[in-house]
Structures are given as structure tokens and as C-alpha cells.
Amino acid sequence: MNVQIRADQASFIPPEAFVRMADLPPPPRLTNLPSRVGLFVGRTQVLARLDEALAGPGGAVVQAVHGLGGIGKSTLAAHWAVTRGATRYCPVWWITADSAAGIDAGLAKLATALQPALSNVLPLDALKEQALQWLASHDGWLIVLDNVDNPADVQPLLARAPHGRFLITSRRATGWHRLATPVALDVLDHPEAVELLTGILTHGGERDLTGAGELCTELGGLPLAIEQAGGYMTQAGISPREYLELLAGHPGVMYRDRAEGIDPARTIARVWHMTLDRLADDPLPGRILRILAWYAPDDIPRALIGHLVSGPELISAVGRLAAHSMITVKGDTLAVHRLVGAVARTPDPDDPHRRPEDIAEAREQAATALTRALPDRKEFGLWPVWRMLLPHVDAVIHEAEPQPGSALHLLMKEALLLRITLDAVAGKIEDRQRALSESVRDLGEDNPDTLAARDALAYGYEYVGEWDHSIPLHERNLQARLRLLGPDHPDTVRSRRDLTDARRWPQTYASLPRSTKQLLDIHHKIPGTTDDEQ
């Protein structure tokens, strides 16, 4: 690019300002990174991965660290850039890249840092072009692009600068396949979460840490939530146990409040509010998130939201939530971070994404979907579906006070009746195996107590859907009772019926309703079915 400078300005510009960007060496140790990046814990594997990737030879290396808002992407990037990048590269330049305009402004500042004499001479577009020319003609530099909202915004920069290193952070989990190597960032392990919280609380001296581990569990190992809680506790002079009590009694306030001096945007409620704002052009993603928030955090069958809209619309909405790291897609199941769920189901009249009436409606819809999905309690073969859905049932009905006749009320009744049924066959497989072994050893193979113990083990296998283990046990008991009691004895008749039911169930799998079959497929691959049936 030819730099155009007015004649009346030329006498005030030093000669070095006219050096071509390709010939301009970087000033020593040029960086705009923070001198301190705050308390940092864990992340050993991700740091090692960045070490290996960004230190390698070759052309441009682009790593995109992505994850849920508040999971610590920017903190990780800053830590790596300060502790590793600043000793290997020059310049090391941090750009807030949440928009194309932000990227342009960051490049313009880089240009003036490289060639200060032009800072008051060239317009922003010209300064940006100067920076691009310098990056294109040099190597050995590192650019950190923080909080990229749209991968397309960084594509022109990556195309113009083929020799350096880029470290990108983004909430976007998708869109990187032609631009960068994605690096997923997860929550902190529990010991690391406790270490972070302890470090914050004890920074000024010893503190009461009672309940620190429980609080970190409640916050799901999310660094921003831990930092928000730690700052609040430090300012208020309260313990983690006391903060937990406040969180239980006043969740809406605690998700929003922060210590004095902390950016209001750096609270978990505000961070996720901004993410949902980006999805607000379509109300379906927010509606889905509010419904998912009422279920248990993990292993949520897609079938529980399949009634909302037709297939393509649903797939698109789920995909958008996953792309912005608000949910995780795991094949036929979905997962929502426990704190995302907690915030999404906490009413806030001032937040359009969490209006009380919308949250109440979402809970009723979640209960309706579960009520429709739950099979007949008397159909023994469908107990695996119940077993898989029970955590979600428990989550939806927790502390509920439903109106009689509502879906939530019906779900609570069904759950109570099921637990009464389950109590009749309670006991772990291992306990039943041990009971059978001890009975065979002490009483012999043909003792009635041994046969009863074998029946109990077979029923236990059927409860968890392991029909291939239950059928041989029923066969063995039937042969024993035929030999000992004859074909017409009530125990023999019952044994024959048990075996028939056990053999019948896998064979009738293909005739089940599609929604029920989907739920069973998620829980367990039913023996005796073909791949086509699956």
C-alpha cells in the first residue's frame, strides 16, 4: 500500500516513518499483554498441547480455544502468552476480537506500536493495512485474538499473515474446520477448583474455608463462577458454607451480584445473557435451553425435546446451542452444565431470557415430555427406560408444588408409584450374585432357597436390561423345578412364565413405538435385535 501523507505534515514526520513495513524490525520485547494474569491453576494438558502446537515449525499455526462462557479461555490464553509466548515471540499482541471492528482497531494499534511516527497521520484503515503488511512479511510473532464471536471475522487476517502464530479464544465450538485447530476447554477438576477458590479467599490471610469443596461442586468447577463467589465472600467476610446458604435461598441475586470493582459483565448471569442475546433471532434455542435446564445435567435423551418442532428445526436449534457452548451434544443425548441449568431455571423479571412465566412453562413442558416417555410400570421389560429417566424425573419434581391435574402433578404420582414397585425388587446385582453363590455352597443346587436366589438374580438382570444373562438362569430353574416338582406345580408354572417373558421381550423389541425404542437404544443395546432394528 502507498501511504499518502499531506505535504504540510511531511516536515513533522521523522525519516524512519517512511521505512517500508517489510523492512521494519519489531521493537525489542514489544507486547501489550497484562503484566499479571491473576491466579491460575491446573490446565496442564491444554498448556502442553499449546506448547507443542505453537512451538512447532512451518507456516501459520492457529489454535482456537473454545468453551462455555466463563470457563477460563481468556485466562488460559493470557497465562500461556505471558509465561510462554512472551519468551518465544516478538511482538506478542493481544486483540479483543469480538467483532470485525475490534480486530481492525487492534491491528491499527499494532501498526502504531511498530511505527509510532504514523500514529496521528494515517486513518484506521490505513494503519490496519500497515499492520497486515508487516505481519505478512515477518515471522516469529504471536497474535492473541480474544473472544472471537464469528470465525468469519478472523478469516481475512489469517489469509494475509501466513508465517506467524495465532491463539484464538471463542465461545463458538464450530466453524473452525478451515481456519484453526479447535481446542476444547472443560471445567476445572474438583481439586483444581478448590485450589482456585482457596487461593482467592486466602490471598489476604487465613480465612474460614468451611464448605469450600461443596461450593466448588455446586458451581460445577466453572472458573468465572468460582472467581465471582470468591470475590463476593472476600468482600462480605463470609465463609463458603454461608455463601452456599445464600445461593440456595437467593439464587437470582447471587448469580448476578459481584464484588465492588468487578466488571458487571463478568458475572455468570450476564455472560450467558449475552450469549443468548446472539441467539435471540430465533426463540426456539432459548426455549429448548429452559426445558433442558429442568432435567438432570447429563444423559438427557434427545427424545425428550422431540415433540417441540419438526426434525430439521429442532436439529438446527440444538446445533446453535452447542455451537455457542451452551449445551454439549453426545450422540443421542445432551448435557447442560449444572450451573447453566441452574441459572436458566432461575426466574429474573429483568432478564428476557428468564421471565418467570417462561420458566414455569418450561418446567411443565419438561414434565409433559417425561410423562409421555415413561412406559407402563407393569411392563417389566421396559424398566431400563424408567431407570434411565429417573434422574430427570427427580430433577423436574424436586421441591415442586404443582397444581392438581398438571403434568408435573401426574409425574410426581408416577414417580412415587414406581419407587414402591422398585422397592420390591431392590438390591444390587453384586448382592444377588453373592447370595446365590452362598446358597449353592451352603444349601446345594436344588434347595428352594437356592432356586429363589437364582430367580432374584435373573430379575435383577432384567431390571437393567441384560436379558442374555437372565435367560440362562430362568432355563436352569425351570429344568430344576420340572425335575423336582413336576410340570403342574405353581412354582414350575411361574418359572415357565418367567422364561417365556424373558425370551419374548427381545423378540418384540422391533414392534415398540419409535420413541420408546430410541430411549432403550440409548440405555442399552437389547440382545437379540439386529443392527437394522437398532
Side-chain angles (χ1 to χ4, degrees), residues 283-311 313-315 317-318 321 327 332-336 338 341-342 344-347 356-425 462-465 505 508-509 511-524 526:
L284 186 57
R287 182 183 173 198
I288 289 174
L289 182 63
R290 286 190 293 272
I291 293 173
L292 294 177
W294 285 109
Y295 297 130
D298 299 309
D299 300 322
I300 306 171
R302 279 180 182 258
L304 291 181
I305 55 172
H307 65 286
L308 294 175
V309 289
S310 62
E313 290 180 79
L314 184 65
I315 291 172
V318 168
L321 285 169
I327 66 172
D332 290 328
T333 64
L334 309 172
V336 181
R338 62 183 299 157
R345 64 177 181 264
T346 300
E357 60 271 24
D358 292 339
I359 289 178
E361 179 185 358
R363 189 177 200 177
E364 186 71 2
Q365 289 178 327
T368 299
L370 277 171
T371 303
R372 292 173 178 173
L374 292 173
D376 187 346
R377 285 176 286 101
K378 298 176 183 178
E379 184 61 66
F380 203 51
L382 292 175
W383 277 20
V385 174
W386 267 104
R387 188 168 181 261
M388 179 182 61
L389 294 179
L390 263 179
H392 305 299
V393 172
D394 290 340
V396 171
I397 67 177
H398 180 65
E399 296 185 353
E401 297 180 359
Q403 294 292 326
S406 66
L408 192 56
H409 184 255
L410 294 175
L411 185 64
M412 292 181 74
K413 289 174 59 178
E414 280 295 309
L416 176 61
L417 292 171
L418 176 73
R419 293 196 184 282
I420 293 173
T421 305
L422 292 182
D423 286 343
V425 291
E462 289 168 2
Y463 169 54
V464 297
W505 169 246
T508 58
Y509 168 79
S511 65
L512 289 171
R514 183 172 180 270
S515 59
T516 302
K517 191 187 297 185
Q518 286 176 333
L519 294 171
L520 276 170
D521 288 346
I522 295 169
H523 172 80
H524 192 80
I526 303 299

Quick check for you: to the nearest 0.5 Å, what is the distance between [X] atom [atom1] and [Y] atom [atom2]?
X: L304; Y: Q365; atom1: CG; atom2: CD; value: 12.5 Å
X: I305; Y: L284; atom1: CD1; atom2: CG; value: 8.0 Å
X: L410; Y: I397; atom1: CG; atom2: CD1; value: 12.0 Å

So which heavy atom on [X] is nearest to which on [Y], and how close?
X: I359; Y: R290; result: CG1-CD, 4.2 Å
X: A395; Y: Y295; result: CB-C, 3.7 Å
X: A366; Y: V396; result: CB-CG2, 4.2 Å
X: E364; Y: A407; result: OE2-N, 2.6 Å
X: P301; Y: M388; result: CG-CE, 4.1 Å
X: A400; Y: L408; result: CB-CD2, 3.6 Å

Side chains of [X] and [Y] in contact at under 4.5 Å (non-hydrogen atoms):
X: L314; Y: I288; answer: yes
X: L321; Y: L334; answer: no
X: I327; Y: I300; answer: no
X: H307; Y: T368; answer: no

N/O donor-acceptor pair under 3.5 Å between [X] side chain and [Y] backbone:
X: H392; Y: D299; answer: yes
X: H409; Y: Q403; answer: no
X: R345; Y: A293; answer: yes

